[in-house]
Amino acid sequence: MSDERRQQADPGGEAGERLVRIRALQDEASGTMLADFLREQGIEATVMPVQIAWMPGVETMTHGYWGQLEVLERDAARARALIEDFYAARPEGDPALLDEEEAPTGEGDPEGAA
């Protein structure tokens, strides 16, 4: 959908501000997750698929991505920085998310003993 058509579809938008793409998305789940994360940070975000409903997968192969994450132009720089921080963040204390090198070895753990 072109910027012009999006603005016509949302005439109550922020004084004619346009939506800008801030990230290509590999799938719908990651798009939903990132859009929800940005909304929690006070940035209105929308996910725009490039898919054609009756031809799933064709546009993904053509474009190389499933869809795109869009925000208002005024929020783009902050949204990009938040997403960069989001992907750089690393949970602490969850062994399921640790690298192999950092995973517990089972030493001193009765369940880990053979």
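The model shown is predicted, which means the values in this text are computed figures rather than measured ones. Atoms considered below: every heavy atom in the structure, side chains included; atoms not considered: hydrogens, waters and symmetry mates.
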Trainee: Could you tell me the separation between the CG atom of Leu34 and the OH atom of Tyr87, rounded to the nearest 0.5 Å?
Mentor: 4.0 Å
Trainee: Which atoms form the tightest heavy-atom contact between Val47 and Ala35, and what is the distance?
Mentor: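 Where Val47 meets Ala35 most closely, the heavy atoms are CG2-CB, 3.9 Å.
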Trainee: What heavy-atom pair brings Trp66 and Gln26 nearest, and what distance separates the two atoms?
Mentor: CB-O, 3.3 Å
Trainee: Write out all pairs satisfying side-chain hydrogen bond (donor to acceptor under 3.5 Å, both in side chains) with one or both partners inside residues 27-38, taking only residues at least two apart or from two chains.
Mentor: Asp27-Ser30, Asp36-Arg39
Trainee: Restricting to non-hydrogen atoms, name the atom on Glu73 and the atom on Val20 that form the minimum distance, rounded to 0.1 Å.
Mentor: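 Between these two residues, the closest heavy atoms are CA-CG2, 3.9 Å.
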Trainee: Quick one: pull up CE in Met48 and CG in Leu69 and give me the separation to the nearest 0.5 Å.
Mentor: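 Met48 atom CE to Leu69 atom CG measures 11.0 Å (nearest 0.5 Å).
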Trainee: To the nearest 0.5 Å, what is the distance between CD on Glu44 and CG on Asp75?
Mentor: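 If I round to the nearest 0.5 Å, the distance is 9.5 Å.
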Trainee: Leu25 and Gln68: which non-hydrogen atoms are nearest, and at how many Å?
Mentor: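 Closest approach of Leu25 to Gln68, heavy atoms only: CD1-C, 3.6 Å.
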Trainee: Can you find a pair of side-chain heavy atoms, one from Val71 and one from Leu19, that are under 4.5 Å apart?
Mentor: no
Trainee: Do any side-chain atoms of residues 76-84 form donor-acceptor pairs under 3.5 angstrom with protein atoms, and if so which ones, sequence neighbours left out?
Mentor:
residue	atom	partner	partner atom	Å
Arg78	NH1	Gln41	O	3.3
Arg78	NH2	Gln41	O	3.0
Arg80	NH2	Arg21	O	3.1

